[in-house]
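Since the structure comes first, as C-alpha cells, the remarks are kept for the end.
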Amino acid sequence: MGRDTIADIITSIRNADMNRKGTVRIASTNINENIVKILLREGFIQNVRKHRETKKSFLVLTLQHRRNSKGRYRTVLNLKRVSRPGLRIYSNYQRIPRILGGIGIVILSTSQGIMTDREARLERVGGEVLCYIW
C-alpha cells in the first residue's frame with residue numbers, strides 16, 4: 001500500500017499550525033517541493049529551506065501565525081485534501097471551484113505541472129484537484 005505524501009504534508013502543516021509550532025519538517029519529493037513553492041509564493045508560509053540528514057532530504061517550513069494575546073488562537077491556514085488515492089477528483093478548467101470567492105486557492109496537478117486554480121484557468125488546462133487552501 002502506497003503512502004499519500006500530499007495528505008502527509010497537509011496533516012503536518014495543519015497539526016503544527018494548531019499547536020502553534022513555528023516550523024514543520026516534511027519529506028522532500030518533487031510533488032512536495034512544488035506544493036511548498038506554491039504555498040510560499042501565495043504567502044501561506046513564511047520561509048522554506050532544504051535540510052539533508054544522512055541520505056534523506058527534508059524541507060523545513062516556517063509557518064506564519066496570528067499573534068493575538070486576547071481571545072482564542074485562530075489558525076492562519078485551512079487546508080483540505082480533495083483528491084485521494086481511493087477517489088480521484090478531476091476538473092476541467094471551466095469547472096475548477098473557487099474557494100471563498102477567489103480568496104483561497106485550489107492546487108491542481110495538470111499536464112503542465114502542479115499549479116494554482118488561477119494559473120490553470122489562464123492556461124486553460126484542467127487536472128486533478130489536489131487540495132483547497134484558504
Side-chain angles (χ1 to χ4, degrees):
M1 184 179 266
R3 292 186 48 135
D4 188 7
T5 59
I6 300 168
D8 291 344
I9 294 174
I10 290 171
T11 303
S12 297
I13 293 173
R14 185 184 308 121
N15 289 342
D17 192 41
M18 286 172 41
N19 290 323
R20 299 183 189 182
K21 301 290 182 189
T23 60
V24 179
R25 194 172 105 170
I26 59 173
S28 177
T29 63
N30 289 335
I31 293 173
N32 291 358
E33 287 180 13
N34 290 331
I35 291 173
V36 167
K37 284 178 189 175
I38 290 174
L39 290 175
L40 182 63
R41 187 176 64 226
E42 295 289 327
F44 289 106
I45 58 176
Q46 202 169 23
N47 191 15
V48 178
R49 68 178 194 269
K50 200 165 189 175
H51 184 68
R52 187 168 178 90
E53 285 183 9
T54 60
K55 294 183 179 182
K56 295 186 178 183
S57 294
F58 296 97
L59 295 172
V60 179
L61 312 177
T62 305
L63 302 177
Q64 293 183 350
H65 292 287
R66 290 187 184 145
R67 288 171 176 49
N68 187 2
S69 59
K70 298 176 184 174
R72 64 184 195 134
Y73 176 76
R74 292 177 36 154
T75 60
V76 174
L77 285 174
N78 291 310
L79 303 114
K80 182 181 178 188
R81 176 79 159 121
V82 178
S83 183
R84 51 192 172 87
L87 178 64
R88 302 286 187 189
I89 306 295
Y90 296 96
S91 176
N92 63 9
Y93 76 94
Q94 297 163 334
R95 295 182 187 254
I96 297 173
R98 294 185 193 274
I99 305 303
L100 295 177
I103 295 173
I105 63 169
V106 177
I107 296 180
L108 295 132
S109 176
T110 67
S111 60
Q112 297 177 6
I114 295 178
M115 59 179 63
T116 64
D117 56 340
R118 288 179 226 116
E119 295 168 347
R121 284 188 197 96
L122 288 174
E123 296 288 328
R124 304 187 90 154
V125 293
E128 182 182 354
V129 179
L130 297 178
C131 59
Y132 298 152
I133 302 169
W134 67 97

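Keep in mind that what you see is a predicted model, and the values were worked out from it rather than measured.
- Expressed to the nearest 0.5 Å, how far CZ of Arg81 lies from CG of Asp8 amounts to 9.5 Å.
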Donor-acceptor contacts, no H, no angles, side chain residues 125-132, under 3.5 Å, sequence neighbours left out:
residue: Glu128; atom: OE2; partner: Ser83; partner atom: OG; Å: 2.6
residue: Glu128; atom: OE2; partner: Arg88; partner atom: NH1; Å: 3.0

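- Take Lys21 and apply the salt bridge (Lys or Arg N to Asp or Glu O under 4.0 Å) test, not counting sequence neighbours, and it matches no residue.
- Judged by distance alone, the side chain of Asn34 and the main-chain N or O of Asn30 form a donor-acceptor pair under 3.5 Å.
- Counting only residues at least two apart or on different chains, the salt bridge (charged side-chain N to carboxylate O under 4.0 Å, His left out) pairs with a member in residues 31-45 are Glu33-Lys50, Arg41-Glu119, Glu42-Arg118.
- Atoms CZ and OG, on Arg25 and Ser12 in that order, are 11.0 Å from each other to the nearest 0.5 Å.
- Within the 4.5 Å cutoff, side-chain heavy atoms of Ile35 are placed close to those of Ile31.
- Here the closest non-hydrogen pair linking Asn32 and Ala27 is ND2-O, 2.8 Å.
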Test side-chain contact (heavy atoms from CB on, under 4.5 Å) applied to Ile105 and Ile38, step by step
CA-CA 10 Å; Ile105 63 169; Ile38 290 174; 4.0 Å; yes
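- Rounding to the nearest 0.5 Å places CD1 of Ile10 at 6.5 Å from CD1 of Ile133.
- The two residues Val24 and Ala16 come nearest to each other via the heavy atoms CG2-CB, 3.2 Å.
- The two atoms that bring Lys55 and Arg52 nearest to each other are O-NH2, 3.9 Å, heavy atoms only.
- The hydrophobic clustering, which links ILVMFWY residues whose side-chain heavy atoms are closer than 4.5 Å, places Ile96 and Val82 together.
- The nearest pair of heavy atoms linking Phe44 to Trp134 is CE2-C, 4.2 Å.
- No single ILVMFWY cluster, assembled from side-chain heavy atoms under 4.5 Å apart, contains both Leu87 and Tyr90.
- Looking at Asp4, its side chain never comes within 3.5 Å of a backbone N or O of Arg84 through a donor-acceptor pair.
- Met115 and Leu40 are members of different hydrophobic clusters when ILVMFWY side chains are connected at heavy-atom separations under 4.5 Å.
- A donor-acceptor contact shorter than 3.5 Å links the side chain of Asn19 to the backbone of Asn15.
- Between Thr110 and Gly113, the closest heavy-atom pair is OG1-O, 2.6 Å.
- Using a 4.5 Å heavy-atom cutoff, the side chains of Leu39 and Ile13 are in contact.
- Formation of a donor-acceptor pair under 3.5 Å by the Arg14 side chain with backbone atoms of Leu79 is found in this model.
- Here the CG-OG1 distance, from Leu63 to Thr23, works out to 7.5 Å after rounding to the nearest 0.5 Å.
- Shown here for Leu108 and Asp117, the closest heavy-atom pair between the two residues is CD1-CA, 3.8 Å.
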